[in-house]
Amino acid sequence: MIARIEPKTLSGEVHAIASKSMAHRLVIAAALANGPTEVVCNTTCDDIEATLDCLETLGARIVRSPGVFEIHPIPKSQEHGILRALTGRTLDCRESGSTLRFMLPVACALGADATFIGAARLGERPLTPLINELLAAGCDLPATGGLPLTARNRLRPGTFLLPGNVSSQYVSGLLLALPLLGQESIVEVTGALESKPYVDLTLEALAAFGIVVRTECDAEQQVTRFHLDGTGYRTPRRICVEGDWSNAAFWFCAAAIGKRPITVRGLALNSVQGDRTVLAALSRFGARVNRSTAAATVRPDKLKGFSLSARDVPDLVPVLSAVAASCEGTTVIHDCARLRLKESDRLQTTAATLNALGANVRIVGDDLVIEGVPELTGGTVDACRDHRIAMTAAVAAVRASGPVVIRGAEAVAKSYPTFFDDYRELGGIVELKED
């Protein structure tokens with residue numbers, strides 16, 4: 001699909017979509033619980049649907065109605081794991097890294113003997129540190145990773161060791177799996193934990209389902225240990241998925257580089273989502289930020305570049321780079337190495353996209369250096385099957401002197417299927433056509 005966007009300031013109000021990150025965690029927990037759970041989720045997307053499909057394949061019964069998933073758990077026991085009749089299934093993770101990295105250890109903990117498949121770059125995204133721990137705990141799977149991947153044998157409880165400088169999804173996947181084993185297990189992380197807010201989201205989801213996690217930090221040794229008692233998931237009966245700060249960030253950034261304010265409603269201002277810090281970043285750039293109950297508003301003002309770290313907020317880098325391209329002076333975004341392992345190599349695709357639209361972005365090691373320009377020119381870009389690149393290009397159109405054409409614009413369905421509808425709701429001019 002091709003999106004052609006005319007330059008125009010966006011303004012008004014939009015309601016936040018459901019947090020994809022929290023939805024993954026809550027629907028998995030619900031499918032592993034001791035009874036049915038209603039998961040209230042005001043929107044869905046390709047990635048959430050991938051996780052739901054995998055859970056259904058393993059035996060969960062999911063009743064979908066507007067805004068709610070009624071999830072009946074996978075038949076299982078702590079002693080024997082999943083029913084033998086449900087083993088040997090193929091789990092299609094589509095393009096969702098979260099689905100693969102969460103469901104792989106969960107399937108191993110269930111003894112599901114499952115084969116994982118996926119699409120696009122998913123098979124190229126690294127799994128080795130997680131696979132090594134699963135192998136050490138008695139599972140049989142290819143040490144090299146890659147898809148298709150077949151995992152056999154049931155995971156044994158014990159201590160699982162991971163370095164902190166790998167994907168936090170490995171940590172979260174183990175945390176979601178270990179309560180199924182009936183005995184205490186430990187996840188031990190050495191060094192500073194990358195993307196820590198995403199692990200905090202997992203701990204919050206576990207707590208909602210009655211999982212007791214005791215966290216022990218050894219500052220001197222730089223070790224964090226998560227102790228799980230293995231007592232199993234207990235349904236809260238009904239739980240709500242909060243609004244998504246990652247996707248709300250696109251509207252806040254559009255306001256910062258535009259001429260009029262944008263308000264996003266339905267956000268938890270005390271959320272542990274790391275991307276909530278988008279408001280602090282935009283304030284540092286010079287935008288005006290107002291917070292109220294369950295909503296935030298960003299207003300444009302004179303913007304000036306500064307230096308920031310992407311260590312805990314890698315998903316914000318593309319759209320914050322679009323803001324930086326419209327700032328006075330230089331912005332340096334440090335600690336971007338993990339961006340190379342996303343749906344695209346986001347260091348390359350962020351730079352290429354914004355440069356194609358008239359920006360001045362260069363890659364220096366694992367950093368992005370963005371020199372502000374008075375105005376973007378517009379142009380044609382390729383989203384490279386990456387939802388955040390497609391949405392970043394659409395936001396950049398706010399500051400362009402000519403149209404922005406996005407090839408592969410259908411990528412937004414991965415996390416935000418109604419993105420272009422909301423773009424129009426805020427006054428944008430978008431023409432969509434088949435490629």
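This structure is a prediction, so every number in the text was calculated from the model and none was measured.
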Using modelled atom types only, decide if a donor and an acceptor are shared between the side chain of [X] and the backbone of [Y] within a distance under 3.5 Å.
| X | Y | answer |
| --- | --- | --- |
| N290 | T297 | no |
| S185 | G158 | yes |
| N42 | A18 | yes |
| R89 | L58 | no |
| T235 | P36 | yes |
| R276 | S271 | yes |
| R237 | E38 | no |
| S195 | D312 | no |
| T349 | D345 | yes |

Work out which heavy atom in [X] is nearest to a heavy atom in [Y]; give both atom names and the distance.
| X | Y | result |
| --- | --- | --- |
| L122 | R94 | CD2-O, 3.3 Å |
| L100 | C93 | CA-SG, 3.7 Å |
| L376 | A396 | CD1-O, 3.6 Å |
| A248 | L267 | CB-CD1, 4.0 Å |
| T43 | I17 | OG1-CB, 3.3 Å |
| A383 | I406 | CB-CG2, 4.2 Å |

Point to revise | Passing candidate, side-chain hydrogen bond (donor to acceptor under 3.5 Å, both in side chains) with S98, options R25, Q169, K20 | key: Q169
Find out whether [X] and [Y] are in side-chain contact, i.e. whether some heavy atom of one side chain is under 4.5 Å from a heavy atom of the other.
| X | Y | answer |
| --- | --- | --- |
| E95 | R121 | no |
| Y233 | I211 | yes |
| R214 | R225 | no |
| D435 | M1 | no |
| E49 | R64 | yes |
| C384 | I389 | no |
| S172 | F102 | yes |
| T224 | L193 | no |

Exercise for review: Could you please spell out the steps behind the side-chain contact (heavy atoms from CB on, under 4.5 Å) verdict for F252 and V319?
Suggested key: CA-CA 10 Å; F252 292 137; V319 73; over 6 Å; no
Practice item. Would you check, one step at a time, whether the test salt bridge (charged side-chain N to carboxylate O under 4.0 Å, His left out) holds for K414 with D46? Key: CA-CA 5 Å; K414 190 174 193 294; D46 285 354; over 6 Å; no
Exercise for review: Identify which one of I186, L130, L155 satisfies the side-chain contact (heavy atoms from CB on, under 4.5 Å) criterion when paired with F160.
Suggested key: L155
Review point. When you look at I71 and L55, which way does the side-chain contact (heavy atoms from CB on, under 4.5 Å) test go after all the steps?
Key: CA-CA 10 Å; I71 301 179; L55 294 170; 5.6 Å; no
Exercise for review: To the nearest 0.5 Å, tell me how far R311 CZ sits from H334 NE2.
Suggested key: 11.5 Å
Point to revise | Ring geometry between Y423 and W251 (parallel below 30°, tilted from 30 to 60°, perpendicular above 60°) | key: tilted
Review point. Which class fits the ring pair Y416 and F419: parallel under 30°, tilted 30 to 60°, perpendicular over 60°?
Key: perpendicular
Exercise for review: Give the intermediate values and the outcome of side-chain contact (heavy atoms from CB on, under 4.5 Å) for residues S19 and Q273.
Suggested key: CA-CA 9 Å; S19 166; Q273 293 180 55; 3.8 Å; yes
**Study point:** Derivation and outcome, side chain to side chain donor-acceptor pair (under 3.5 Å), residues T159 and E188
**Key:** CA-CA 7 Å; T159 298; E188 182 174 304; over 6 Å; no
Practice item. Answer yes or no: is there an ion pair linking D386 with K342, defined by an N-O contact shorter than 4.0 Å? Key: no
Check your understanding: Are any of the side-chain nitrogens in R338 or E194 under 4.0 Å away from the carboxylate oxygens of its partner?
Key -> no
Practice item. List the steps, then state whether side-chain contact (heavy atoms from CB on, under 4.5 Å) holds for V171 with Y198. Key: CA-CA 9 Å; V171 178; Y198 288 99; over 6 Å; no
Review point. Hey, are T115 and T90 close enough side-chain-wise for a donor-acceptor pair under 3.5 Å?
Key: no
